[in-house]
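Heads up, the thing below is written out as structure tokens.
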Amino acid sequence: MSETVLRLSGITKAYNAGKPNEVHVLRGCDLTVQRGEVVALVAPSGAGKSTLLHMAGLLDTPDAGVVEIAGEALQDKSDRRRTQVRRAEVGFVYQFHHLLPEFTAAENIALPQLANGVSAKAATERAHDLLDSVGIRARAEHRPAAMSGGEQQRVAFCRAMANGPKLLLADEPTGNLDPETSDRVFAALMTLVHETGLSALIATHNLDLAARMDRQVRLEAGHLIEA
Ligand code: ADP
């Protein structure tokens, strides 16, 4: 039986509403992502991909519409509940890795688990297992500055997965890498996602990467269109 992990319905969002510089970014976006599905969110820069991901990840609220994660409508819930669900169910990856420079790869992946009440031993073990699944267990004790761009981004994927979220949201996750590295790092991400049965919404303007996902949706003039 399919299980809906993310449902967006009628999402609208404008910045600077009512002012001369108003930007109406989303004009009624509908999207359903099932468990295990990897969906490409395709659009050129400035179309509103980050805005949509922020709504889906409960980092911002829409002007209108419904944001459901694992069956719970969250757009009007308290900040406390939204933060709880975001921490437990959502992992984020950005174009730049945002790893903490003074910590090792394993520590960067262990930290969100410690914040979630996991023991140091279990968190470290999980960090090593995750690094193993993206092929860089040997880099566990390296700090970010001692890793390549591709390795840093793999660590960022592992950190996003650290607390076992249901939904991964990624914003141009390989946009900062050269094409060959991007290809390999993307393959590692797909393996990790498929192994864990996670759902993912991955924004990209790279049509080759988009074609390797399960489904594509295009963001056009504020609407989502199945490609
Ligand atoms: P994308 O991720 O596709 O590049 P964004 O969601 O970042 O697009 O931005 C969509 C549009 O909204 C752009 O025109 C951008 O300038 C505008 N925008 C984004 N964030 C803000 C903000 N905080 N205030 C005003 N305008 C914004």
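Keep in mind that this is a model prediction, so the values were computed, not measured. When a ligand or atom number is given, it counts from 1 through the structure's own listing order.
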re atom 13 (C) of ligand 1, the protein heavy-atom contact at minimum distance is Gly46 O, 3.6 Å
One finds that the ligand 1 atoms under 4.0 Å from a non-hydrogen atom of Ser45 are 4 (O)
Ligand 1 to Ser50, heavy atom cutoff 4.0 Å, flagged ligand atoms 1 (P), 2 (O), 6 (O), 7 (O)
Next on the checklist: Regarding ligand 1, does Gly48 bring an N or O atom to under 3.5 Å of one of the ligand's N or O atoms?
Outcome noted: yes
Among non-hydrogen protein atoms, atom 25 (C) of ligand 1 lies closest to Tyr15 CB, 3.4 Å
* Asked: Salt bridge or not for Arg215 and Glu37, using N-O below 4.0 Å?
  -> yes
Next on the checklist: Angle between ring planes, Phe92 versus Tyr94, binned at 30° and 60°: parallel, tilted or perpendicular?
Outcome noted: parallel
Return a yes/no value: protein heavy atom under 4.0 Å from atom 15 (C) of ligand 1?
no
- Looking only at distances, please establish whether an N/O atom of ligand 1 is found under 3.5 Å from an N/O atom of Lys49. yes
Review point. Taking a hydrophobic cluster as the set of Ile, Leu, Val, Met, Phe, Trp and Tyr residues connected by side-chain heavy atoms closer than 4.5 Å, whether directly or through intermediates, do Met147 and Leu100 fall within one such cluster?
Key: no
Identify whether the distance between the nearest side-chain nitrogen and carboxylate oxygen of Asp129 and Arg137 falls below 4.0 Å.
yes
| field | Salt-bridge criterion met for Glu72 and Lys77 (N-O under 4.0 Å) | value | yes
Note: Pro44, heavy atoms under 4.0 Å from ligand 1, region reported as backbone
If we number the atoms of ligand 1 from 1 as shown, the ones under 4.0 Å from a heavy atom of Val25 are 10 (C), 11 (C), 12 (O)
Which of Ile11, Leu26, Thr51, Leu52 passes side chain to side chain contact (heavy atoms under 4.5 Å, CB included) with Pro62? It is Ile11
Any heavy atom of Thr51 under 4.0 Å from ligand 1? The part involved is both
State plainly whether one hydrophobic cluster holds both Val134 and Leu189, where clusters connect Ile, Leu, Val, Met, Phe, Trp and Tyr through side-chain heavy atoms under 4.5 angstrom apart.
yes
